[in-house]
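The structure appears below as structure tokens.
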Amino acid sequence: MSNGLFGIGITGINAAQMGLLTTGNNIANVDTPGYNRQRISQSNNISIATGAGFIGQGTRVDTITRIYNSVVTDQINQSQTKASELSKYYDQIKQIDNMLADDKAGLSPTLQDLFKGVQTVAANPALTTSRDALVSSAKTFTSRLQNLESRLSAMYSGVNSQLESTVSAINSYAKQIAELNERIITAQAAVNQPANSLLDERDQLIADLNKEVAVTTVEEANGSMSIFIGSGQQLVVGTRANTLAIQPSSADPQRMVVGLTTSTNVQELPEYLLTGGNLGGLLAFRSESLDKAANSLGQVAASLALTFNAQHSLGQDMLGNVAGSADFNSNFFAIGSPKSWANAMNTGSAVVSAGFVTPPPLVLNGGEFSLTYTPPNPAAVPLVVESYVAKRNSDGATWSAVAPAETLNDLLQKVANPAPGGAGVALDLSNAHYATNITASDYRLAYDGGNYTLTRLSDNKQWSNADPLVLSASVAESDGISFSISSGIAAGDSFLIQPTREIARNISVNQAIAADSRLFAASQPVRSGSGSSNTGSGVISSSTVSPGYTDPAAAPAGTITMTFNGGNLSFSIGGVSTTLTVTYTDASGTNTVSAGSVPYNNPATKYTVNGISFEISGNPANNDTFTLDRNSGGVSDGRNANLLGQLQTQGTVDGGSSTYQASYARLVSAIGNKTRETQVTRDAQQALVDQGVAAREGQSGVNLDEEASNLLKYQQAYQASAKMISIASDLFNTILSIRS
């Protein structure tokens with residue numbers, strides 16, 4: 001009896017003592033991150049059979065169990081990695097939102113000031129102070145663009161730097177998890193019991209790793225935990241940890257990407273594979289928002305510079321210089337060329353150069369047609385000659401005229417001709433204005449050994465052709481960029497073209513105009529006039545010119561004279577009657593004819609002759625004359641400045657569908673909406689994390705009230721077991737005293 005009581009009491013004391021130790025450990029770790037409360041797992045010792053039945057032999061502690069729910073933990077990790085991604089994304093995009101939308105630091109105020117300066121010159125073209133003020137406003141505008149681009153470039157550098165620190169943290173966590181795997185395998189194999197503290201530590205490391213990048217885990221039979229990222233790339237396998245590395249992208253050397261280190265090299269991982277956590281947030285922010293902001297800002301800068309320059313090139317400066325003059329500065333703004341990069345994996349030696357289509361397309365007839373003018377370039381290989389292409393925007397049908405055999409007027413005839421192949425529409429050049437088709441996208445040019453394929457990366461639209469010149473012409477027409485490729489390309493080579501990425505960094509005011517504002521082309525090169533002996537009430541309006549216009553002062557042309565007689569206008573140049581291609585619009589519609597005279601219908605008729613547009617109204621008398629002449633001494637003429645000012649409200653971006661301001665506002669709105677969306681989603685995701693943590697704490701967290709109750713329970717159990725031993729001792733002593 002005494003041995004039985006002694007044994008049972010001792011097992012009770014041992015169990016109570018382990019319960020007290022476990023409860024005390026729970027209390028001590030109440031604030032330890034990642035700690036899961038523990039409890040002892042007891043079972044009944046095998047009973048001994050007697051004639052009176054089975055007599056119990058006390059208890060034993062089988063193991064110390066972690067109160068751990070793997071399902072809840074996985075849910076928390078999934079929610080946490082998404083919350084970390086959104087938080088990092090929001091922290092980054094909020095900087096762009098604050099920068100672009102700022103009333104003082106944004107682009108809008110300087111854009112408004114630029115066109116105020118243009119309008120001031122249009123009203124006072126003879127005042128050099130007005131011209132100086134315009135140049136100053138233009139410098140401020142370009143400086144603001146440069147500043148915005150500089151800050152976006154700094155954010156690219158910041159992303160690269162944060163990628164390095166994030167990858168360093170991932171590698172550190174992976175190494176620690178691999179080391180813990182080894183310790184857990186050894187510890188559990190030695191005693192065949194779970195190493196609870198080590199398991200808690202590993203779970204906490206995995207949770208911290210999930211804040212850096214989304215991972216999936218697989219528990220192995222030996223107790224180790226394998227960690228995978230992306231689409232199954234191994235980060236930790238058993239006791240071995242692989243490492244990630246940061247390196248320049250093979251497609252873009254300025255762009256740092258994440259690679260997985262192998263035994264032989266670093267394998268570049270596609271960005272779409274690396275989701276979740278700080279790493280996923282940085283990569284998603286860069287590809288979705290930062291790239292878009294930089295490209296869209298460059299799109300506005302390039303579109304404004306190209307359209308402004310195109311209209312400026314049709315003017316006349318204060319010194320009388322016009323297009324073709326040795327001292328004429330056709331471009332008001334200077335911009336750089338699109339960037340292009342050869343892929344680091346290329347085996348060939350070819351180099352790609354890209355450029356903008358200059359001048360950009362003209363939008364005609366309310367946007368129904370667009371007209372592209374290509375100036376001559378004898379230095380180009382193959383030779384580039386002067387040409388015009390009209391495109392009907394509804395179906396993409398085109399008509400062309402190539403110099404020297406054909407002129408702009410020939411193209412107008414083709415489009416107006418109702419015969420097969422013609423549009424049956426007369427294009428009214430007086431309603432034309434400039435617009436670009438430049439997009440806010442990057443492009444990839446690839447060669448497979450037979451064909452070249454250009455992919456617009458924003459929507460994966462592709463163009464393909466065996467001849468790169470034909471391919472370039474197609475993209476020039478649709479997207480406003482062109483490219484050329486040198487010899488030495490090999491099958492499999494590819495190139496990245498970034499038309500607008502850094503354009504805002506390189507925009508500036510033409511140095512010659514900045515130094516001498518008189519070189520700003522505020523005037524039109526042609527002026528209209530009425531004969532001094534006219535007796536009728538006919539009036540000719542001011543004239544404007546279109547690309548490829550014929551300079552009235554240049555041989556063999558001269559002053560164009562129109563003589564009214566019997567309801568028609570007859571033409572002569574330098575006093576010699578001639579046949580001209582004329583587009584005229586009156587109450588009956590628009591027509592294009594090639595004739596020596598054209599009808600005039602009161603109250604007004606609009607004409608375009610040799611690229612010069614004007615209007616005659618009123619009631620001319622027979623033999624009344626009207627002239628088109630070189631605008632000699634047109635110092636007080638602000639007609640071209642007025643046309644430049646109108647660009648502010650015309651469709652100049654996205655093929656004529658947006659104004660400069662609308663295009664920039666769309667960028668600001670897109671970034672603002674994305675910022676708000678990210679903030680709301682982040683807050684909602686964090687709420688899910690908080691709910692998951694609360695659920696886990698309810699199951700696995702330490703409750704001090706519960707642990708205090710357990711202390712009392714195990715204390716009483718210990719005391720009762722000790723009392724049992726005391727009673728057994730008294731009984732044994734009684735037996736000894738009887739014997740004696």
Side-chain angles (χ1 to χ4, degrees), residues 33 76-107 147-173 206-215 229-230 244 246 249 252 254-258 269 271-297 440 501 504 666-693:
I76 293 174
N77 285 341
Q78 291 173 10
S79 299
Q80 181 61 67
T81 194
K82 187 63 177 177
S84 297
E85 176 184 3
L86 292 169
S87 180
K88 179 61 71 174
Y89 197 127
Y90 175 72
D91 290 343
Q92 300 297 313
I93 196 174
K94 183 171 64 174
Q95 300 177 49
I96 301 181
D97 185 42
N98 292 340
M99 175 180 68
L100 296 180
D102 190 282
D103 290 340
K104 296 181 180 179
L107 186 65
N147 181 58
L148 291 174
E149 198 284 332
S150 176
R151 293 174 65 180
L152 292 176
S153 293
M155 294 192 70
Y156 275 107
S157 298
V159 169
N160 288 341
S161 177
Q162 291 182 71
L163 285 176
E164 290 183 2
S165 61
T166 300
V167 166
S168 177
I170 291 172
N171 290 336
S172 176
Y173 288 134
I206 292 174
D208 291 339
L209 176 59
N210 254 290
K211 294 179 181 179
E212 304 299 332
V213 65
V215 301
I229 61 174
L244 300 180
I246 293 294
S249 167
D252 181 356
Q254 293 184 324
R255 192 182 190 89
M256 303 304 291
V257 294
V258 180
L269 298 176
E271 290 187 2
Y272 67 84
L273 292 180
L274 300 172
T275 60
N278 293 328
L279 183 62
L282 288 169
L283 295 176
F285 160 73
R286 184 174 66 181
S287 62
E288 294 175 5
S289 296
L290 184 54
D291 286 349
K292 180 177 181 179
N295 286 351
S296 296
L297 185 66
R501 179 61 56 86
R666 187 166 60 245
L667 166 62
V668 174
S669 176
I671 293 296
N673 290 338
K674 186 63 177 180
T675 302
R676 179 58 180 165
E677 173 192 334
T678 304
Q679 181 184 25
V680 172
T681 309
R682 179 204 62 177
D683 294 343
Q685 193 65 38
Q686 187 58 50
L688 291 178
V689 174
D690 295 340
Q691 292 172 11
V693 170

Of all residues at least two apart in sequence or in a different chain, which pass the salt bridge (charged side-chain N to carboxylate O under 4.0 Å, His left out) check with R676?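 R676 satisfies salt bridge (charged side-chain N to carboxylate O under 4.0 Å, His left out) with no other residue.
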Partner residues of K674 under the salt bridge (charged side-chain N to carboxylate O under 4.0 Å, His left out) criterion, sequence neighbours left out: E288, E677
Please list all pairs meeting salt bridge (charged side-chain N to carboxylate O under 4.0 Å, His left out) that have one or both residues in residues 149-158, counting only residues at least two apart or in different chains.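 Listed once each, the pairs are E149-R505.
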Kindly indicate, with the supporting measurements, whether the criterion side chain to side chain contact (heavy atoms under 4.5 Å, CB included) is fulfilled by E212 and N278. CA-CA 5 Å; E212 304 299 332; N278 293 328; 3.2 Å; yes
Just distance, no hydrogens or angles: give the donor-acceptor pairs under 3.5 Å from side chains in residues 154-164, sequence neighbours left out.
{"from": "Y156", "atom 1": "OH", "to": "D291", "atom 2": "OD1", "distance (Å)": "2.5"}
{"from": "Y156", "atom 1": "OH", "to": "R501", "atom 2": "NH1", "distance (Å)": "3.4"}
{"from": "S157", "atom 1": "OG", "to": "S153", "atom 2": "O", "distance (Å)": "3.4"}
{"from": "N160", "atom 1": "OD1", "to": "M256", "atom 2": "N", "distance (Å)": "3.4"}
{"from": "N160", "atom 1": "OD1", "to": "R286", "atom 2": "NH1", "distance (Å)": "3.4"}
{"from": "Q162", "atom 1": "OE1", "to": "K88", "atom 2": "NZ", "distance (Å)": "3.1"}
{"from": "Q162", "atom 1": "OE1", "to": "Q92", "atom 2": "NE2", "distance (Å)": "3.4"}

If we only count heavy atoms from C-beta on, is the V258 to V213 side-chain gap below 4.5 Å?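 In short, these two side chains do not touch, never coming nearer than 4.5 Å.
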Result block: side-chain N/O donor-acceptor pairs under 3.5 angstrom for residues 94-101, not counting sequence neighbours:
{"from": "Q95", "atom 1": "NE2", "to": "D91", "atom 2": "O", "distance (Å)": "3.3"}
{"from": "N98", "atom 1": "ND2", "to": "K94", "atom 2": "O", "distance (Å)": "3.2"}

List the atom pairs, donor and acceptor, that lie under 3.5 Å between side-chain atoms in residues 684-693 and the rest of the protein, sequence neighbours left out.
{"from": "Q685", "atom 1": "NE2", "to": "S79", "atom 2": "O", "distance (Å)": "3.3"}
{"from": "Q686", "atom 1": "NE2", "to": "D690", "atom 2": "OD1", "distance (Å)": "3.2"}

Main chain of [Y], side chain of [X]: is a donor-acceptor contact present, judged purely on distance under 3.5 Å?
{"X": "S87", "Y": "A83", "value": "no"}
{"X": "T675", "Y": "I671", "value": "yes"}
{"X": "T275", "Y": "G280", "value": "no"}

V257 vs L269, side chain to side chain contact (heavy atoms under 4.5 Å, CB included): CA-CA, chis, key distance, verdict: CA-CA 8 Å; V257 294; L269 298 176; over 6 Å; no
Looking only at non-hydrogen atoms, find the nearest pair between G277 and S84 and report the distance. CA-CB, 3.9 Å
At their closest point, which heavy atom of S289 faces which heavy atom of Y89, and how far apart are they?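 Residues S289 and Y89, closest heavy atoms: OG-OH, 2.7 Å.
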Between atom [atom1] of [X] and atom [atom2] of [Y], what is the distance when rounded to the nearest 0.5 Å?
{"X": "L148", "Y": "L107", "atom1": "CG", "atom2": "CG", "answer": "6.0 Å"}
{"X": "I170", "Y": "K211", "atom1": "CD1", "atom2": "NZ", "answer": "14.0 Å"}
{"X": "L290", "Y": "F285", "atom1": "CG", "atom2": "CZ", "answer": "4.5 Å"}
{"X": "S172", "Y": "D208", "atom1": "OG", "atom2": "CG", "answer": "10.0 Å"}

Assess, by modelled atom type and distance only, whether the side chains of E85 and T81 contain a donor and an acceptor separated by less than 3.5 Å.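 No - no donor-acceptor pair under 3.5 Å links their side chains.
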Is it true that Y272 and S287 share a donor-acceptor pair across their side chains at a distance under 3.5 Å? no
